[in-house]
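See below for the structure under consideration.
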Amino acid sequence: ARFNVLPNRRLYMFLQNFTKPVISAVEGYCLGGGLELAMWGDFIVAGEDAQFALPEVRHSLIPGGGGTLNLPTLIGPALAKELIGTARRITAAEAKEFGIVNHVMPKGKALAKAREITAEMAKNGPLGLMMSKIAINRGLDLPRHLAFFQEADLAHLLSFSEDRDEGLKAFAERRRATFKGQ
């Protein structure tokens, strides 16, 4: 039975390690595995009618798709234990207040907001964006001093990219850079 969930676990690891930003847009119910999947993305944009919960304990289960890992990382262990332990459903506004959700939009507008954020990110250097995501994700699992060294290594790698040269040149010339992802 343990291997039946392997495809889901591969998906979660793929999302965590995907080099491009992953924005979860949520409208309506986001419960159990749906919330776990959304949390594997980089952040969540929710419609005002969205509701969130990890209700697995009601059935003598645990949020086994990363819920016991990702929720405490987002909101702290004490609040995560309360929400998981009570299986309480929360609103989009509460999810934003707790730090689960970045933006709450009018009903039906979450995907549009996610696309707006994506368009803003697309204006930036793709390699810098990728390295920033890697530094954040990997740094969370490292002691602070090692995360700092890793950040320095990733920053140094960018010094060999054409995009870095273009970004600095565009800054000096007061124009928008044209990045190639190289």
Side-chain angles (χ1 to χ4, degrees), residues 1-124 129-130 132-144 147:
R2 198 169 116 204
F3 294 102
N4 289 339
V5 297
L6 189 58
N8 289 350
R9 294 201 177 281
R10 285 187 181 133
L11 172 62
Y12 301 149
M13 290 296 96
F14 175 80
L15 290 173
Q16 180 183 6
N17 295 306
F18 193 59
T19 58
K20 309 235 180 332
V22 176
I23 303 172
S24 303
V26 174
E27 298 279 358
Y29 296 106
C30 190
L31 311 173
L35 177 52
E36 289 177 303
L37 181 61
M39 288 189 294
W40 280 110
D42 295 310
F43 57 89
I44 301 171
V45 177
E48 63 190 354
D49 66 331
Q51 295 183 34
F52 300 87
L54 293 173
E56 288 84 351
V57 295
R58 288 187 181 152
H59 310 289
S60 195
L61 302 169
I62 70 166
T68 62
L69 168 70
N70 290 326
L71 191 61
T73 300
L74 290 172
I75 67 175
L79 186 54
K81 289 174 188 177
E82 177 187 340
L83 292 179
I84 290 170
T86 61
R88 181 164 69 94
R89 195 176 293 181
I90 61 172
T91 66
E94 288 174 300
K96 184 174 189 314
E97 177 187 333
F98 295 160
I100 298 169
V101 167
N102 282 33
H103 301 274
V104 176
M105 303 304 296
K107 183 178 178 180
K109 301 292 185 186
L111 185 57
K113 180 64 175 179
R115 287 182 173 147
E116 177 186 319
I117 295 168
T118 301
E120 285 298 310
M121 289 179 167
K123 294 176 185 176
N124 299 314
L129 186 61
M130 177 179 72
S132 295
K133 178 177 175 172
I134 290 169
I136 292 167
N137 285 351
R138 291 182 184 171
L140 291 171
D141 295 329
L142 294 174
R144 188 172 172 83

How many angstroms lie between atom [atom1] of [X] and atom [atom2] of [Y], to the nearest 0.5 angstrom?
X	Y	atom1	atom2	answer
R89	E94	CZ	CD	12.0 Å
K96	H103	NZ	NE2	7.5 Å
F43	L74	CZ	CG	12.5 Å
K113	L111	NZ	CG	13.0 Å

Tell me the closest heavy-atom pair linking [X] and [Y], and the distance in Å.
X	Y	result
I90	I100	CD1-CD1, 3.8 Å
P55	G32	CD-N, 3.5 Å
G28	D49	N-OD1, 3.7 Å
P21	D42	CA-OD2, 3.1 Å
I75	L79	CD1-CG, 3.7 Å

Does [X] reach the side chain of [Y], with side-chain heavy atoms less than 4.5 Å apart?
X	Y	answer
I23	V45	yes
T91	Q51	no
L31	F52	no
L71	L54	yes
V26	L35	no
W40	V22	no
S24	L37	no
L15	L11	yes

Strictly distance-based, threshold 3.5 Å: is any side-chain N or O of [X] a donor or acceptor partner for the main-chain N or O of [Y]?
X	Y	result
R138	A147	no
E27	A110	yes
E82	R88	no
K133	F18	yes
N124	L129	no
E36	G65	yes

Begin with the C-alpha distance, continue with both residues' side-chain angles, and end with the deciding distance and a verdict on side chain to side chain contact (heavy atoms under 4.5 Å, CB included) for I62 and E56.
CA-CA 5 Å; I62 70 166; E56 288 84 351; 5.6 Å; no
